[in-house]
Structures are given as structure tokens and as C-alpha cells.
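Positions are given from 1, in the same order as the sequence printed here.
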Amino acid sequence: MLNFEYYCQTKIVMGPGRSKEVPGLLKEMTEPGATVMVVSDPGVKKAGIVKPVLDSLEDAGYRVVDFDQVSPNPRDTECLMGAEVFQKEKASAVLAIGGGSPIDTAKAVALLGPNGGRPEDYVEGRRAYTNAAPILCIPTTAGTGSEVTRSSVITLADSHRKITLKHAMLRPITAVLDPELTLTVPKDVTAATGVDALVHAIEGYSCKVTNPVSQAMGARAMEVIVEYLPQVFEHGADLQARAKMQEGSLLAGLCFGSADVAAVHCLAEALGSLYDTPHGVANAIFLPHVMEYNAQENVPLHAEMARLMKMAEDNDPDEKAVEKFVRKIDAFTKQLDIPLLSEIPSVQEEDFERMAELAERNNSTPSNARTITKEDYLQILTTAFQSPIL
């Protein structure tokens, strides 16, 4: 008998121009004149997205602390630095502006700032998740879904291992999705973050800990993303397509946020931790290879996803649908100019053992649709490097 939980406390505010409502939305979670710590990154600031928000907060009477020391794969050292700023400035809320890296950093700061400790203290059970500061997120890419999830992925600088803070209190109180803020996202980032969202939907839909609510969200997310990502990749100024991609990314976040990701993410996080490869690019590289591996265990499930994404016909036999799925998902990423694993600078086959080990240790490995071991990860890495799908 099915037994599951689905929970999302985040208030979702969506539509063009709605980022202008942030000062009023913060009043729902802070006192008048409170100190708000704004977490972003240099790229988002350079795009001119952060300053209007900062100015509107100051005009509304908030004291603003600006923190932008965030890497593309955020480090524990940056989270600790942010937590120190939070404590020193006596902040009472955290506002994240940007993609997954600022949002994940903001979540860690909201936890570490009031409570102290290091990220791994919470992951390894030495400290209890408690008393996190309220979080408001303004995602500026359509991909992360982190604005509605309970997770924060952080890289340990010393070991290059990625860990995941995961608790309901890390879900943002409010998420503001304004597609106007995504119009300046470069073409390569649009592609990478969009594929990241697609992987969230696929893995949330098919992983061992999925549930009917997650699957409903994931099914719609897959349909939307496959239709609109190629459009927004070619026509970045299309506000309607940008809004649909934010919708797809949001639904994908709601899909995996109460289920899990799986082996694609485990490999992507291992690659990103060693080489700082953009997360979406890493996901795209491994997606067709992991789907080919997983489908051997559950052909009907993967045929079902192929039909949802219109990569197979409704009357195709399951085996034929899966065959089309693997080839077409690979072609889908290629049309977005996603590189092959062998084309990533500095990637060396002698590092695959280490990557396979990091992937196996990832706490989402047990959720993969098919049981997967270090040896399986190593084989997928080797195949992805030496034998691209034709």
C-alpha cells in the first residue's frame, strides 16, 4: 500500500514585474526596519538585477547587508563567511537573488547564522536543524527549483565532496518568480539551467521515493520544459517562453523537492566538485547514459516518460519507446550546444575512480530508479567519455 508525505510551505508569487513587491512581502516575515542580508553573486550584480531590489528595500526602511561572495558551486567556506556576516550585522532575514548557488548559500547562511556550526555538522547529525532565519528567494534562472525545496547543496572546499543540507525549515517562506529578471540570462546558462530543471523532473518522477503528487508535478514539468527550452534558447527575449520555463522549473522543483534526485545528479555533483563544471552542463552530459542504464530495470516507466515528452509515439512498444527516448534526449541536449564529457577542459580519465567514489557516497544514490554501485558509476563515466550515444 502506498505510503508517502508531500509538503511545501513556500508562498509562490509569480508574474512579470512582481519582484517589485519584495519589500511588502518581507513585511510578512520581518519587523519594520529589520536588517535583511541579501545573498547574490557577481554575475547577477553585473547584470543589474540586484541594485533595484536593494534600493527598494532601503526606500522601504530596511537596513540591507549585501553579500555576494558566492561561487558557481558554493563552498562551505563561503557559507561560513556569510554566517559570520549574518551574526555580526544581526540580520533577521535572508533574501537570495540569483540562481541555485546564491539560493543554496542563502539557505546555509539562514541555518548557520542563528545556530553556528559547520554545514557537515547538520548533515552528519552533530547539530539539530532548528531556528533558521526566514528566507525569501528571487530566482533569476529557470532551472534550480531551489526556491521551493528543502535542500542546499554545498561543496566542502578541503575534500571537494558535495553534501546536502536537507530539512523542511530550509524551504523559503516566499519565492518570487519574475520572468523579466531572466531576460538577460546568457544563452549557455539558459541551456544548462533548463536541462537541470528537466533532470529534476525526470529523477523526481522516476526515483524510488517518488509519490503521486511529485509525479503529477514532474509530468507537467517535463512537457513544458521540452517544449519551451529550445524556444527560449533561440529567442531569449521571448518573455512568454521565459515565463513558461520558470513555470517548468518551479514544477520540477516541487516534483523532486518532496521526493529526491538520483544518479544523474550524483554524477553531476561529483564532476562539479572536482572541475567546477556548471551543474546543468554536468547533468546534461550524464542524463542519456543514466537513462539507458536505468531503463534496463524498468522499461515501462521510462517508456512512459518518453511519451510524456513526445519522444515516442503512444502506440510504440515500450522497448521501442525507450530506445527512442535515449537517442532523443541525447539529441535534445546536443541542440542546446551541451558539450561531451571529453570536451570539458581538464577532465582526465584517471579521475573517474574518484568521481565514481564521490557519486556513490552521495546521499541520493539509494533513490536511483535502479540500484547503482561505484562500479556502475565508473562504467557510465567511461562510456560517456569514450562512446557518445549515436
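Contact check on Arg75 versus Glu78 returns no salt bridge, with no Lys/Arg side-chain nitrogen under 4.0 Å from an Asp/Glu carboxylate oxygen. Comment: Asp66 does not engage Lys51 in a salt bridge, judged by the lack of any side-chain N to carboxylate O separation of less than 4.0 angstrom. Salt-bridge formation is not detected for the pair Lys244/Glu227: no Lys NZ or Arg NE/NH1/NH2 atom is positioned less than 4.0 Å from an Asp or Glu carboxylate oxygen.
In this structure the side chain of Thr182 never reaches within 4.5 angstrom of the side chain of Val232, judged on heavy atoms. In this structure the side chain of Arg63 reaches within 4.5 angstrom of the side chain of Val65, judged on heavy atoms. Side-chain atoms of Phe325 and Met309, non-hydrogen and from C-beta on, do get closer than 4.5 Å to each other. Side-chain contact between Glu31 and Ser92 is absent, with no heavy atoms from C-beta onward closer than 4.5 Å. Taking 4.5 Å as the limit, every side-chain heavy atom of Glu89 sits out of range of all side-chain heavy atoms of Met37.
In summary, of the residues considered (Asp314, Asn315, Asp318), a side chain to side chain donor-acceptor pair (under 3.5 Å) with Arg307 occurs for Asp318 alone.
A donor atom on one side chain and an acceptor atom on the other are not found under 3.5 Å apart for Gln231 and Asp238.
Using modelled atom types, one side-chain atom of Asn368 and one backbone atom of Ala263 make a donor-acceptor pair closer than 3.5 Å. Under a 3.5 Å cut-off, the side chain of Asp178 and the backbone N or O of Ser19 do form a donor-acceptor pair. Under a 3.5 Å cut-off, the side chain of Ser214 and the backbone N or O of Thr210 do not form any donor-acceptor pair.
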